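Worksheet: the structure to be examined is printed underneath.
The sequence lines fix the lettering, A, B, ..., with proteins before strands; numbering per chain opens at 1. Everything numeric in this text was worked out from a predicted model, so none of it was measured.
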2 protein chains.
Amino acid sequence: MPSAPISPRKTPRQARARATVAAIEEAAAHILTHGGVDALTTNLVAARAGVSIGSLYQYFPTKEAILAELLRKLRREHLHDLERAAQQGGDDLRSTTTRMIRASIAHHTEAPELARALEAAESHLPLDAESEALKTQISAIWTATLSTHALPDPSQAAFDLAALTHGMVTRAVQAGERDWDNLAARVTRAALGYLHLCTQDDHQPTQQP
Amino acid sequence: MPSAPISPRKTPRQARARATVAAIEEAAAHILTHGGVDALTTNLVAARAGVSIGSLYQYFPTKEAILAELLRKLRREHLHDLERAAQQGGDDLRSTTTRMIRASIAHHTEAPELARALEAAESHLPLDAESEALKTQISAIWTATLSTHALPDPSQAAFDLAALTHGMVTRAVQAGERDWDNLAARVTRAALGYLHLCTQDDHQPTQQP
DNA sequence: TTCAAATGTGAGGAATTGCTCACATTATAG
DNA sequence: CTATAATGTGAGCAATTCCTCACATTTGAA
């Protein structure tokens, strides 16, 4: 039940302060990666960052603010990758969709556990303006891409494709899958099927459970 | 000296004890539905159930045991619905898949928030034997259904279809969607596309965001 | 009726944890 | 150099929460 606002308490002005903030974020990411949200306590973050708990609370007003910052970073990268995928190369729906799906998967490849933990935590976070804007933009890119082609409801299709991709990727990552090319091929097949662009020529990839 | 070994979880033998257990489960479901996992505290559950905290711990050794029991119930229903869907009616892949997807959606329709909260909590739970077995059986039904038809890797396809369905349904429920027929049509379209059974005749449903 | 087993009670122990605050140290402007 | 702002420290408060335990009450069989 998100309700309270989230904004950084103090902006670091000196180099050492920026280093402190960076250390805190790095420590939080490490803890999230290896222990999940339940392991993320402010005292532990401060300890692992080599910083006092007081310093942590000078830059992050609440524990959720740390999570929100990490989530913002992730979304920024995701948006950036999606924009590149949407613009580059041929503009036919099939290849563009394929590239955008690969971009969506890529945003999990670097640190799958971290991404999973952050996304699981998202529903408990009061999102700030930038995070909301990022979400809107990500959705808008999908909608825009699908709008350039004949589709009855691009907005609905964008929603569904994002959900479909997210669901398959999350489950695969959770199951320990790491063959991203294989995964991308399967997700693409479902997405193109949804769009009535069936890919008869595609080979069905082998199992990897 | 009667000092019988006390099992961590007592089995209720009298009617009032069964009523107590039922009240606890009902209270837990209510709290999960309206406040999510974070709101679920043992003291609150006991209070809402009109039962003392001590009574609660006579039948549930830990807080997680309550969650596990509710999850077991949900999975049992899901499995039951899936079995019915798999057996009944025509056995061509398209209609069977459609029925099974509808069954998977149905398992969210009765109490969407509860289902969402339980599934979110699942990854934090040490699953017991029955829950594991239920998961295996659910997966097996999908695999068996897909195996009766020409598919290169039924197990992989089962995994992907379940993930795809789960992802789309979860996101739709989260967005407040309640038009299950519309949702079922879209999920089915993606699933049949994945299976290379494109549904050209299907109408694309209207938006509902 | 009698009594042991089953069931119910709730105050509080013990542990965790988010966060504050009074104070120390370091950097920078004038 | 000095004064002020920026930064860093960590003991510990306050709140939460899981769960225990000593005891009370109810039930059912003999």
Of the listed nucleotides D:dG8, D:dC19, C:dC19, the one nearest the side chain of B:Ile53
D:dC19
Hey, which of these two, B:Lys63 or B:Ala15, hits DNA chain D nearer its 5' end, going by closest nucleotide?
B:Lys63
Distance-only donor-acceptor test, B:Gln14 side-chain atoms vs D:dG28 base atoms, 3.5 Å:
no
Note, A:Leu74 side chain near A:Leu114 side chain (heavy atom, < 4.5 Å)
no
A:Arg16, nearest nucleotide to its side chain (from C:dG18, C:dA6, D:dT7)
D:dT7
Atom-to-atom span, OH of A:Tyr59 to P of C:dG18 - whole angstrom
20 Å
To the nearest angstrom, the CZ-P distance between A:Arg13 and D:dT4 comes to 18 Å
Heavy atoms under 4.0 Å, any strand shown: does B:Leu40 hit a base, just sugar-phosphate, or nothing?
sugar-phosphate
Across the strands shown, which category fits B:Ser55 at heavy-atom distances under 4.0 angstrom: base, sugar-phosphate, nothing?
base
B:Asn43 CG to D:dT20 P, in whole Å, measures 13 Å
Looking only at side-chain N and O atoms, does B:Thr42 come under 4.0 Å of OP1 or OP2 in D:dT17?
no
Less than 4.5 Å apart, any side-chain heavy atom of A:Thr97 and any of A:Thr188?
no
Please state how far atom CD1 in A:Ile31 lies from atom C1' in C:dT17, giving the value in whole angstrom units.
14 Å
Give a yes/no answer on whether the side chain of B:Tyr57 brings an N or O atom under 4.0 Å of OP1 or OP2 in C:dG10.
no
In whole angstrom, give the distance that lies between atom CZ of A:Phe60 and atom P of C:dT17.
20 Å
Are A:Glu69 and A:Arg76 close enough for a salt bridge, meaning some N to O gap below 4.0 Å?
yes
Would you kindly give the CD-to-P distance between B:Glu64 and D:dC18, to the nearest whole Å?
8 Å
Are any of B:Thr20's side-chain N or O atoms less than 4.0 Å away from OP1 or OP2 of C:dG8?
yes
Identify whether the distance between the nearest side-chain nitrogen and carboxylate oxygen of A:Glu132 and A:Lys135 falls below 4.0 Å.
no
5' priority, DNA chain C, between A:Asp38 and A:Gly54 [closest heavy atom]:
A:Asp38
Between B:Asp160 and A:Arg189, does any side-chain N to carboxylate O distance fall below 4.0 Å?
no
Between D:dT20 atom P and B:Leu56 atom CG, what is the distance in whole Å?
11 Å
Separation of B:Ile66 atom CD1 from D:dC19 atom C1', in whole Å?
12 Å
